[in-house]
Enquirer: 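Sending over a structure as structure tokens; questions will come in a sec.
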Amino acid sequence: MEAAEACEIARLPEELISAALSLTTPLDASRAAAVSRDFRAAANSDAVWSRFVPRDLPSLADGELCGPAPASAKGRFLRLSDRPLLLADGLMSMWLDRETGAKCYMLSARSLHISWGDEPHYWRWIPLTESCRFSEGAELRAVYWLEIRGKIHSRMLSEDTAYATYIVFRTPFGRRYHHACGAHLVFPEKRTDGWMELKLGEFYVKECDTGEVCMNLMEIKGGNSKAGLIVQGIEIRHKKRGLAVGSSAHSVLCTNPAPTHLKRRKGHTINPSSAMSKSKEQGRGESQAATISTIACEMACLPQELLMKVLLHITPQDACRAAAVSQDFRAILDSDTFWSCFVPNINDLPYLAFEAEVFYSRTLSQKEKFLCLSDHPILLADHQMSTWLDRKTGARCYMLSARVLNIAWGDTPHYWRWIHLKDCSFTEAAELLGVSWLEIRGKINSKMLSLNKTYAAYIVFKLTDELYGRQDFSVLEASVGIGECKSTRKVCLHGDGDEDDGLPLHPQKRADGWMEVEMGKFYNKEGNDGEVSISLSENRNAS
């Protein structure tokens with residue numbers, strides 16, 4: 001029974017699993033693919049791996065992607081992360097970090113600013129072989145002052161990523177590294193390609209960062225002659241472990257005590273490439289029944305933090321569906337950590353009416369609070385608006401009362417009157433007595449709405465008994481606008497919504513007995529577009 005229940009992971013829609021895994025990393029997707037066949041189909045899909053292949057890759061040199069193009073997005077990612085690829089200018093190479101998908105680069109010695117690098121008496125350019133991506137490197141013949149600088153634009157790097165920078169070099173065989181007393185030293189390490197690398201520093205690229213990342217290696221105490229250093233370039237790659245945003249670092253090259261400085265312009269950083277463990281197929285050769293009873297139960301092998309990371313990106317509706325799949329999902333999807341993502345902090349909501357504030361003071365789980373907030377509208381403190389959470393998506397929804405709307409001649413008793421409402425969130429509504437021009441306008445600040453959500457605006461109304469069967473209202477024009485985006489459509493307040501006559505749009509009957517007609521849709525991206533304007537008015541040119 002337990003095996004059969006655990007194997008119900010197959011009931012989760014593949015598009016849901018794919019959407020969740022696409023928000024993780026290539027490493028996490030590969031881990032998930034090893035758990036069960038049900039995960040493997042989603043984890044290997046183009047919907048997942050297309051998110052890991054950047055769309056803004058720089059132009060590559062001719063012949064770098066020789067052979068037929070991979071048919072799948074995962075194949076393209078694996079090719080881009082297999083080895084560094086030379087860019088079109090021949091001065092840089094790039095690849096994708098196999099664990100995180102971050103864009104990594106190496107700046108060739110030719111692209112660096114090396115003091116006296118163009119003076120043959122001090123430096124000379126030598127050919128590089130042995131699988132180096134660049135054809136030449138800089139060899140130090142003799143200088144008394146060592147200084148090497150490099151830079152890269154932050155837009156070439158991956159956003160929200162910690163990076164580390166390394167200078168890649170060689171020294172004459174037998175050269176020893178000396179400890180410099182009184183300094184915080186970072187010693188070079190040998191790379192798998194036989195070269196040495198020294199960490200210069202770390203930085204973090206934020207989403208809003210623009211400008212250049214500047215790297216600098218220079219002497220602080222000159223005077224002694226130096227020779228024999230061969231520079232291949234500076235590598236910029238993803239940093240594996242935690243880094244405090246805004247930090248910088250100083251390192252000392254121990255062959256000649258010369259500290260390095262990593263300068264940040266407008267906040268930036270760099271990282272290392274790492275091999276991703278390949279997923280092994282499980283249950284090969286077993287029957288379907290044996291696979292169901294063993295592999296699917298290996299859901300528990302997924303790290304708890306990975307499960308949480310994946311599931312935090314789904315919707316409340318998908319969470320309820322996933323919780324019915326297995327006990328492993330249910331433990332996470334019933335936790336306060338998960339449901340707190342959908343329950344707004346009381347400080348983030350408009351002032352609620354007293355009875356709603358009492359609700360927030362009660363000792364309820366986050367899931368119970370969400371279910372209460374999505375069960376029915378809650379009146380705001382001014383009694384002019386109500387709010388609730390959409391049970392499927394968790395989006396904040398609102399209803400503006402007739403009192404808060406701008407109704408043309410609404411304050412003139414000859415044209416409109418205010419009537420009492422029963423069993424409604426609001427105590428009164430506006431009843432039209434008679435006008436020659438109908439116009440109703442409303443607005444709401446986009447900051448009150450959920451971010452990155454698509455909304456629709458509806459006018460909620462009733463027609464008096466004597467109006468049924470009559471056509472007192474001409475075709476009306478509805479509009480919804482936010483920022484510079486505005487949509488308009490033709491609507492009609494008559495009809496039952498079952499007519500298939502195209503425009504104008506007809507109303508639909510609601511569960512509460514009222515009628516509603518959709519006025520338009522809009523997308524609230526970051527909540528910084530000001531007010532959402534909604535209007536319904538007569539169209540004099542309507543037929």
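None of the values given here were measured: they were computed from a predicted structure.
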Enquirer: Got Pro413 and Trp418 here, is their nearest side-chain heavy-atom distance under 4.5 Å?
Expert: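 No, their side chains stay 4.5 Å or more apart.
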Enquirer: So does Arg79 pair up with Asp82, basic N to acidic O under 4.0 Å?
Expert: no
Enquirer: Which atom names give the shortest non-hydrogen contact between Ser450 and Ala395, and what distance separates them?
Expert: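 Nearest heavy atoms, Ser450 then Ala395: OG-CA, 3.4 Å.
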Enquirer: Please report the interatomic distance CG(Leu389) to SG(Cys397), rounded to the nearest 0.5 Å.
Expert: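 Rounded to the nearest 0.5 Å, the CG-SG separation comes out at 7.5 Å.
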Enquirer: For Ser22, which residues count as a side-chain hydrogen bond (donor to acceptor under 3.5 Å, both in side chains) partner, sequence neighbours excluded?
Expert: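 By the side-chain hydrogen bond (donor to acceptor under 3.5 Å, both in side chains) rule, Ser22 matches no residue at all.
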Enquirer: For Ser487 and Gly520, work out which heavy atoms get closest and say how close.
Expert: OG-CA, 4.3 Å
Enquirer: Just verifying a value: how many Å separate His376 NE2 and Ser425 OG, rounded to the nearest 0.5 Å?
Expert: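 Nearest 0.5 Å value for the NE2-OG distance: 8.0 Å.
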Enquirer: So which atom in Leu536 and which in Ala478 form the shortest heavy-atom distance, rounded to 0.1 Å?
Expert: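 Scanning both residues completely, I find the closest heavy atoms to be CD1-CB, 4.1 Å.
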Enquirer: What pair of heavy atoms forms the shortest contact from Met385 to Tyr398, and how long is it?
Expert: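 Minimum heavy-atom separation between Met385 and Tyr398: CE-CD2, 3.8 Å.
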Enquirer: Checking Ser533 now: which residues fulfil side chain to side chain contact (heavy atoms under 4.5 Å, CB included) with it, not counting sequence neighbours?
Expert: none
Enquirer: What I'd like to find out is whether the side chain of Leu78 reaches to under 4.5 Å of the side chain of Pro70, using heavy atoms alone.
Expert: no
Enquirer: Taking ring-ring contact (aromatic ring centres under 6.0 Å, His included) as the test, write out the residues that go with Phe426, two or more places apart.
Expert: none
Enquirer: With Glu439, which residues qualify under salt bridge (charged side-chain N to carboxylate O under 4.0 Å, His left out), at least two apart?
Expert: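 So Glu439 forms a salt bridge (charged side-chain N to carboxylate O under 4.0 Å, His left out) with Arg441.
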Enquirer: Tell me, do Pro316 and Trp339 make a side-chain contact under 4.5 Å, heavy atoms counted?
Expert: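 Pro316 vs Trp339: side chains touch.
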Enquirer: Indicate the atoms forming the closest heavy-atom contact of Lys74 with Asp46, along with that distance.
Expert: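 What the structure gives for the nearest pair is N-OD1, 4.4 Å.
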Enquirer: Can you find a heavy atom in the side chain of His383 that is under 4.5 Å from one in the side chain of Thr427?
Expert: no
Enquirer: Heavy-atom distance under 4.5 Å between the side chains of Pro58 and Tyr105, does that happen here?
Expert: yes
Enquirer: Applying salt bridge (charged side-chain N to carboxylate O under 4.0 Å, His left out), can you list everything that pairs with Lys453, at least two apart in sequence or on another chain?
Expert: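 For Lys453 there are no salt bridge (charged side-chain N to carboxylate O under 4.0 Å, His left out) partners, ignoring immediate neighbours.
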Enquirer: Can you list the residues that meet the ring-ring contact (aromatic ring centres under 6.0 Å, His included) rule with Tyr458, with sequence neighbours excluded?
Expert: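 Per chain and number, Tyr458 pairs via ring-ring contact (aromatic ring centres under 6.0 Å, His included) with no residue.
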Enquirer: I would like to know whether Thr387 and Met448 meet side chain to side chain contact (heavy atoms under 4.5 Å, CB included); could you show each step before the answer?
Expert: CA-CA 10 Å; Thr387 183; Met448 297 175 65; over 6 Å; no
Enquirer: Are the side chain of Arg391 and the backbone of Gln317 linked by a donor-acceptor contact shorter than 3.5 Å?
Expert: no
Enquirer: My understanding is that only residues two or more places apart in sequence, or in another chain, count here; which of them pass salt bridge (charged side-chain N to carboxylate O under 4.0 Å, His left out) with Asp56?
Expert: Lys103
Enquirer: List the steps, then state whether side chain to side chain contact (heavy atoms under 4.5 Å, CB included) holds for Met94 with Met156.
Expert: CA-CA 10 Å; Met94 72 82 58; Met156 298 181 67; over 6 Å; no
Enquirer: After noting the C-alpha distance and the side-chain angles of Ile534 and Lys443, does the key distance pass the side chain to side chain contact (heavy atoms under 4.5 Å, CB included) rule?
Expert: CA-CA 6 Å; Ile534 309 159; Lys443 60 184 180 181; over 6 Å; no
Enquirer: Is any side-chain heavy atom of Ile459 less than 4.5 Å from a side-chain heavy atom of Val491?
Expert: no
Enquirer: Show, in sequence, the C-alpha distance, side-chain angles and deciding distance for Tyr523 and Cys485, and conclude whether the side chain to side chain contact (heavy atoms under 4.5 Å, CB included) test is met.
Expert: CA-CA 9 Å; Tyr523 183 76; Cys485 300; over 6 Å; no
Enquirer: Does any donor atom in the side chain of Thr315 or Thr393 lie under 3.5 Å from an acceptor atom in the other side chain?
Expert: no
Enquirer: Checking Lys486 now: which residues fulfil salt bridge (charged side-chain N to carboxylate O under 4.0 Å, His left out) with it, not counting sequence neighbours?
Expert: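 Salt bridge (charged side-chain N to carboxylate O under 4.0 Å, His left out) check on Lys486 returns nothing, list empty.
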Enquirer: Name all residues meeting the side chain to side chain contact (heavy atoms under 4.5 Å, CB included) criterion together with Ser340; count only those two or more places apart in sequence or in a different chain, and write none if there are none.
Expert: Gln366
Enquirer: Give the intermediate values and the outcome of side-chain hydrogen bond (donor to acceptor under 3.5 Å, both in side chains) for residues Ser479 and Ser535.
Expert: CA-CA 5 Å; Ser479 70; Ser535 71; 2.6 Å; yes
Enquirer: What's the spacing between Lys367 NZ and Phe342 CZ if we round to 0.5 Å?
Expert: 11.5 Å
Enquirer: Using the side chain to side chain contact (heavy atoms under 4.5 Å, CB included) criterion, which residues pair with Ala429? Sequence neighbours excluded.
Expert: Ile419, Leu421
Enquirer: What is the distance from atom CZ of Phe338 to atom CG of Leu333, rounded to the nearest 0.5 Å?
Expert: 5.0 Å
Enquirer: Could you tell me if the side chain of Met515 sits less than 4.5 Å from the side chain of Leu493, heavy atoms only?
Expert: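 No; the side chains remain at least 4.5 Å from each other.
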Enquirer: Going from CG on Leu433 to OH on Tyr415, what distance comes out if it is rounded to the nearest 0.5 angstrom?
Expert: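 Between atom CG of Leu433 and atom OH of Tyr415 there are 11.0 Å.
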Enquirer: Please check this pair: side chain of Asn524 against backbone of Ser446, looking for a donor-acceptor N/O pair closer than 3.5 Å.
Expert: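 It does hold such a pair.
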Enquirer: Taking the inter-plane angle between the rings of Tyr455 and Phe522 on a 0 to 90° scale, is it parallel (under 30°), tilted (30 to 60°) or perpendicular (over 60°)?
Expert: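 It falls in the parallel class, under 30°.
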Enquirer: Tell me which pairs pass salt bridge (Lys or Arg N to Asp or Glu O under 4.0 Å) where either residue lies in residues 400-413, with sequence neighbours left out.
Expert: Arg403-Glu428
Enquirer: Is the closest side-chain heavy-atom distance between Leu96 and Phe52 below 4.5 Å?
Expert: no
Enquirer: With rounding to the nearest 0.5 angstrom, report the CG to CE distance, Leu505 to Met519.
Expert: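 The distance works out to 11.5 Å.
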Enquirer: In chain order, what residues pass the side-chain hydrogen bond (donor to acceptor under 3.5 Å, both in side chains) check against Gln384, with sequence neighbours excluded?
Expert: Ser401
Enquirer: Any idea which heavy atoms bring Ala47 and Ser50 closest together, and the distance?
Expert: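 Looking at all heavy atoms of both residues, the closest pair is O-OG, 3.6 Å.
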